[in-house]
Amino acid sequence: MNKKDVLSIVEFIASDTIFKDFAVRKSDNSIILKSGMGNKRVQFWHYNSYDLKRDGLALEITPYYKVRFDVLHKWFEKYSKRTKKDQRDDYSVCFNGSMAGSIDEFYFLESRKDYNHDLQILYNEVVKNAKYVFSKFSTLVGYYEYCIIDVLNGSKELPDEGFEWVTEYLIATKLVAPANYDKVKNLILQRAEWMMERNNPNMILYYNDLPMILQDLEQTDFASGKWGEID
């Protein structure tokens, strides 16, 4: 099986009514809907693999369900050390099948045996999972509830890699639950020190700029919508 087969599979799934306003993006085999909020997409990773259950060479497809809130990302572009392309293709949340209570990997035999059956299974699972993820994160409130509330009540730890989650969490808190901003900020600063003690390369990259970044963030009126006016 080849790239045309993957695209054919993506296009078949995109024909479902849940994706009626989505576009198929061939460059990364995704189904994407852009809006003023950001975007929603299902991206289909694929590999040459082996189906152990059926003892045969196979195409393995792993769908990822992604939601991006532009307000959490665009403001940071002026500080980001990544390329603009990487920055603008970023997402706020990403689920695989198991995170949505479903299946991660799907196999299509090179012999094409059971192809229609396998395609229908993938189709059904993608539609089900897309409905779940896109509904759960239809607003920034869903993001805040998923990422931050459990951190505040002590049942979940902050990330221990990367840096951009720092500003994403703070912007979300500022917009959704401003009364919790100082508490979230203090927890994040403690985490930043913990990561620095462990020589985390991403935190090291931004650590000296952190006071300036936080000052700028706190002075920005994200509710005005003017945070995104970047070339």
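The figures here come from the full heavy-atom set of this structure, side chains too, leaving out hydrogens, waters and symmetry mates.
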Exercise for the section: List for me each residue that meets side chain to side chain donor-acceptor pair (under 3.5 Å) alongside Y79, sequence neighbours excluded, and say none if there are none. Expected result: D216

Completion exercise
One should read off an interatomic distance between Q87 CD and E77 CD, to the nearest 0.5 angstrom, of 5.5 Å

Problem - Inter-residue atom distance D89.CG - R82.CZ, 0.5 Å rounding - result: 9.0 Å

Exercise for the section: Could you tell me whether a side-chain N or O of K156 sits under 3.5 Å from a main-chain N or O of I149, the two making a donor and an acceptor? Expected result: no

Handout entry: Polar side-chain atom of D5 near backbone of N2 as donor-acceptor pair, under 3.5 Å
Key = yes

Problem - Spacing of CG belonging to L158 relative to CD belonging to Q190, to within rounding of 0.5 Å - result: 9.0 Å

Handout entry: Pair Y115-F108, ring-ring contact (aromatic ring centres under 6.0 Å, His included): steps then yes or no
Key = CA-CA 6 Å; Y115 177 85; F108 293 82; 5.6 Å; yes

Handout entry: Sequence-distant partners of D209, side chain to side chain donor-acceptor pair (under 3.5 Å), two or more places apart
Key = none

Exercise for the section: Could you list the residues that satisfy side chain to side chain donor-acceptor pair (under 3.5 Å) with E60, not counting sequence neighbours? Expected result: S49

Completion exercise
When rounded to the nearest 0.5 Å, the distance separating CZ of R191 from CH2 of W165 is 6.5 Å

Completion exercise
Rounded to the nearest 0.5 angstrom, the CD-CG distance for E157 and L187 is 11.0 Å

Handout entry: Flag if over 12 foreign heavy atoms under 6.0 Å of CG, N48
Key = no

Problem - Side-chain donor-acceptor contact under 3.5 Å, T167 with W75 - result: no

Output a table of donor-acceptor pairs, distance under 3.5 Å, between side-chain atoms of residues 192-205 and any protein atom two or more places apart or on a different chain; print 'none' if there are none.
from	atom 1	to	atom 2	distance (Å)
E193	OE1	Y207	OH	3.3
E193	OE2	Y207	OH	2.4
R198	NH1	W194	O	3.0
N200	OD1	N202	N	3.1
N200	OD1	M203	N	3.0
N200	ND2	D160	O	3.4
N200	ND2	E161	OE1	3.0

Exercise for the section: Enumerate the residue pairs fulfilling side chain to side chain donor-acceptor pair (under 3.5 Å) with a member in residues 8-23, sequence neighbours excluded, ordered by first and then second residue. Expected result: D16-Y123

Handout entry: Heavy-atom side-chain contact between L152 and K183 under 4.5 Å
Key = yes

Exercise for the section: Calculate, to the nearest 0.5 Å, the distance between atoms CZ and CG belonging to R41 and L33 respectively. Expected result: 12.5 Å

Handout entry: Heavy atoms from other residues, nucleotides or ligands near NZ of K81 exceed 12 (cutoff 6.0 Å)
Key = yes

Problem - Main-chain N/O of D90 paired with R68 side-chain donor or acceptor, under 3.5 Å - result: yes

Fill in the blank from the handout: Scanning both residues in full, the closest heavy-atom pair of A223 with L175 reads N-CD2, 3.8 Å

Fill in the blank from the handout: Hits for salt bridge (Lys or Arg N to Asp or Glu O under 4.0 Å) against E145, two or more places apart or cross-chain, chain-then-number order -> none

Exercise for the section: Answer yes when D51 and K113 have at least one side-chain N-carboxylate O distance shorter than 4.0 Å, and no when they do not. Expected result: no

Fill in the blank from the handout: Of all heavy-atom pairs linking H73 and Y91, the shortest is CE1-O, 3.3 Å

Exercise for the section: Kindly indicate whether the side chain of R54, heavy atoms from C-beta on, has any atom under 4.5 Å from the side chain of Y107. Expected result: yes

Exercise for the section: Could you tell me whether a side-chain N or O of N124 sits under 3.5 Å from a main-chain N or O of Q120, the two making a donor and an acceptor? Expected result: yes

Run the side-chain donor-acceptor check on residues 94-106: report pairs under 3.5 Å with partners two or more places apart or on a different chain.
from	atom 1	to	atom 2	distance (Å)
N96	OD1	S98	N	3.3
N96	OD1	S98	OG	3.0
N96	OD1	M99	N	3.0
S98	OG	D104	OD1	3.3
S98	OG	D104	OD2	3.3
S102	OG	E125	OE1	2.2
S102	OG	N129	ND2	3.3
D104	OD1	G97	N	3.1
D104	OD1	S98	N	2.7

Problem - Hydrophobic cluster membership, L109 vs I9, 4.5 Å side-chain cutoff - result: no

Problem - Sequence neighbours excluded, every pair satisfying ring pair (Phe, Tyr, Trp, His ring centres under 6.0 Å) that has a member inside residues 23-43 - result: none

Completion exercise
For V42 and A130, the nearest pair of non-hydrogen atoms, with its separation, is CG2-CB, 4.3 Å

Completion exercise
Closest non-hydrogen contact found for F44 with I61 is CD2-CG2, 3.9 Å

Problem - Heavy-atom side-chain proximity of I213 to F76 below 4.5 angstrom - result: yes

Fill in the blank from the handout: Excluding Y47, membership of its hydrophobic cluster (Ile, Leu, Val, Met, Phe, Trp, Tyr; side-chain heavy atoms within less than 4.5 Å) reads W45, Y64

Fill in the blank from the handout: In short, V24 meets L7 closest at the heavy-atom pair CG1-CD1, 3.9 Å

Exercise for the section: Look at the side-chain heavy atoms of Ile, Leu, Val, Met, Phe, Trp and Tyr, link any pair under 4.5 Å apart, and say whether M212 and Y181 land in one connected group. Expected result: yes

Exercise for the section: With side-chain contact (heavy atoms from CB on, under 4.5 Å) as the test, would you mind laying out the steps for L72 and Y169 before giving the verdict? Expected result: CA-CA 8 Å; L72 302 182; Y169 280 26; over 6 Å; no

Exercise for the section: Give a yes or no answer on whether the side chain of S30 reaches the backbone of I32 with a donor-acceptor pair at less than 3.5 Å. Expected result: no

Handout entry: Closest non-hydrogen atom pair, L59 against E110
Key = N-OE2, 4.4 Å

Practice task
State, yes or no, whether a side-chain contact exists between Y206 and S80 at a heavy-atom distance under 4.5 Å.
Solution key: yes

Practice task
Kindly write out the residues that satisfy side chain to side chain donor-acceptor pair (under 3.5 Å) with K185, not counting sequence neighbours, or none if the list is empty.
Solution key: E218

Review item, side-chain donor-acceptor pairs of residues 136-144, under 3.5 Å, at least two apart:
from	atom 1	to	atom 2	distance (Å)
S138	OG	S135	O	3.3
T139	OG1	V141	N	3.3
Y144	OH	N180	ND2	2.9

Exercise for the section: With sequence neighbours left out, write down each residue that passes ring-ring contact (aromatic ring centres under 6.0 Å, His included) with F19, or none if nothing qualifies. Expected result: F22

